[in-house]
Amino acid sequence: MDITKISPRPPGLAGALRARKSVEAIVARNDQEPGHGLARSMGLVHLTALSIGASLGTGIFVILGEATPKAGPAVVLAFVLAAFTALFSALSYAELAGSIPVSGSSYSYTYATMGELFAWICGWCLMLEYGVSVAAVAVGWGEYINELLHGMFGIALPAAISESPGAGGIVNAPAIVIVLVAVVLLTRGASESALVNTVMVALKVLVLVFFCAVAFTAFRAGNFAPFVPLGAAGVTAAASQVFFAYIGFDAASTAGDEAKNPKRDLPRAIILSLVIVTALYCLVAIAAVGAMPWQDIAGEGAALATILNAATTSTWPAIFLSAGAVIAIASVVLAVMYGQTRILYAMSLDGLVPRIFSRVNPRTRVPVVNIVVVGAVVSALAGFVPLGELADATSIGSLFAFMLVNIAVIILRRRHPDLHRSFRTPLFPLMPVLGVVFCALLLFGLGVSTWVAFALWMVVGLAIYFAYGVRKSELRSSPEEVTAQ
């Protein structure tokens, strides 16, 4: 392989495009310094639960009510379309996780294949994906807290302290509270938070199965006619929004430095979690539309609880579901915040963000300052930004990152055909190409305001990179890890 020394301060854009981490150096460092200070404590069950935990929450408990007005009964197709988009990307994630098993997820994969500039863009998209999605999930958690209080005691929190300013309130206090609870759990250690997450995942799967069992007792086939009242464009728009519900499958890839056997377990956890989540989403969507006309679901914040109230003559099923949703959504906040902090940790190790984000507490073996800073930013977003805007911003960041992962698989196969891969994407290169195409399709389904916000986010990110990352990059001072493009 051609090893090229790069000066500490190479030309800005040219140097950023030229600098690429050596796959061999990444793998070697991972073998020589297991965990880089983090503790390897997660097996297949914990990793699968981490991915399910990061997916199964607001996306189905709340976003169903947001997406139904766009597609009508065909919201079921929207979940299927989003699932196929996620599947193509999940196969690429699985191959890369088994080849480059480190904490940085798609950021690290892009660094090894497309260079530092694209890696920064991917990492910056992941900051949007993970950080904003935690805030969106926390807002959804607040919706179900109110539903639970109403069902049990006939009361609800005042709008002033349970809604963001854009939704008619002053601050969403419940959303801030659940983010702070996640911060406390994450600072205690990875194994402790993983155990809590696994228990919560089991409970929320049980709750969704319970919802389907009750909703199917009120099933009416007529609710599906006409099936596509708002046309194919409506299905695509809805799929762009509900894609938010699938982004968590890649959370396992952020645990590369804390998995006991990353090359074996990461690909398995990614694929297994996506299969389980997709089956549950489609089943819940069919049960929901079958139990209540789609016009009545539209706009409901706590959609599933509302459906159970309408489907039964008793209030206890909705109370039970709301209680389960409170637990379920809390586990998403925990799992996604975990992923956010580990990606930031990887970027800090590479010098692209300040070193303080990769400083590990010697007792708990977790990056405490990293977790606290992320928690502060996310709690501010959760407290003051409405759910719909957060969900769309999450989707656009995810889709861009997933496109880069699919491209990275193709590049890595060409450059390193003999690299050990514990999982290989089937029907290569068709699957990653379809992943790029489907991601692009859903990107065009997002609104203009989302694209404007994303463009501003990228401008800010590039400004930070060229002002700080280019000068501080670890790659510039470690020429043995750099390869010529």
Side-chain angles (χ1 to χ4, degrees), residues 55-69 73 75-76 79 136-159 162-163 167-169 172-175 177-178 200-220 223 241-242 244-245 277 280-333 382 386-388 391:
S55 303
L56 211 58
T58 298
I60 192 63
F61 284 99
V62 179
I63 289 297
L64 182 67
E66 299 275 342
T68 301
V75 71
V76 177
F79 275 104
V137 168
V139 173
W141 188 80
E143 299 270 6
Y144 273 94
I145 282 287
N146 258 343
E147 190 69 25
L148 183 60
L149 290 173
H150 178 73
M152 294 182 69
F153 308 111
I155 61 173
L157 294 173
S162 63
E163 298 285 356
N172 192 326
V177 168
I178 190 57
M200 289 194 290
V201 165
L203 287 173
K204 65 183 175 182
V205 170
L206 177 64
V207 167
L208 288 175
V209 171
F210 168 79
F211 167 81
C212 292
V214 175
F216 274 120
T217 64
F219 189 87
R220 291 180 177 82
N223 288 347
Q241 188 166 42
V242 302
F244 163 77
V277 165
L280 278 170
Y281 282 170
C282 292
L283 191 63
V284 168
I286 292 169
V289 176
M292 177 181 280
W294 68 272
Q295 296 91 340
D296 297 334
I297 299 175
E300 287 290 338
L304 301 191
T306 302
I307 291 166
L308 288 191
N309 273 328
T312 65
T313 57
S314 176
T315 58
W316 74 263
I319 293 173
F320 177 76
L321 182 119
S322 296
V326 167
I327 296 170
I329 297 172
S331 76
V332 180
V333 174
L387 175 63

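All of these numbers come straight from a predicted model, not from anything done at the bench. Numbering of residues begins at 1 and proceeds along the displayed sequence.
Atom CG of residue Leu308 and atom CH2 of residue Trp316 lie 9.0 Å apart, to the nearest 0.5 angstrom. Rounding to the nearest 0.5 Å gives a distance of 6.5 Å between OG1 of Thr306 and CE of Met292. Going from atom CG of Asp296 over to atom CH2 of Trp294 covers 10.0 Å, rounded to the nearest 0.5 Å.
Looking at Met200 and Val332, their side chains never come closer than 4.5 Å, going by heavy atoms from C-beta outward.
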Pair Leu64-Phe79, side chain to side chain contact (heavy atoms under 4.5 Å, CB included): steps then yes or no: CA-CA 10 Å; Leu64 182 67; Phe79 275 104; 3.7 Å; yes

Full working for side chain to side chain contact (heavy atoms under 4.5 Å, CB included) between Gln295 and Thr68: CA-CA 8 Å; Gln295 296 91 340; Thr68 301; over 6 Å; no

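By the side-chain contact (heavy atoms from CB on, under 4.5 Å) test, Asn309 is found to be paired with Glu147, Ala318, residues two or more places apart in sequence or in another chain being considered.
Nearest heavy atom pair, residue Val75 against residue Ala67, reads CG2-CB, 4.2 Å. For Ala288 against Ile307, the heavy-atom pair with the smallest separation is CB-CD1, 3.5 Å. Taking all atoms of both residues into account, the shortest heavy-atom contact from Pro317 to Thr312 is CG-OG1, 4.0 Å. Nearest heavy atom pair, residue Gly290 against residue Asn223, reads O-ND2, 2.9 Å.
Formation of a donor-acceptor pair under 3.5 Å by the Asn146 side chain with backbone atoms of Leu157 is found in this model.
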Side-chain donor/acceptor pairs under 3.5 Å, residues 204-216, sequence neighbours excluded:
| from | atom 1 | to | atom 2 | distance (Å) |
| --- | --- | --- | --- | --- |
| Lys204 | NZ | Gly53 | O | 3.1 |
| Lys204 | NZ | Leu56 | O | 2.5 |
| Lys204 | NZ | Ala328 | O | 3.2 |
| Lys204 | NZ | Ser331 | OG | 2.6 |

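No option in Ile286, Val289, Ile297 other than Val289 meets the side-chain contact (heavy atoms from CB on, under 4.5 Å) test with Pro73.
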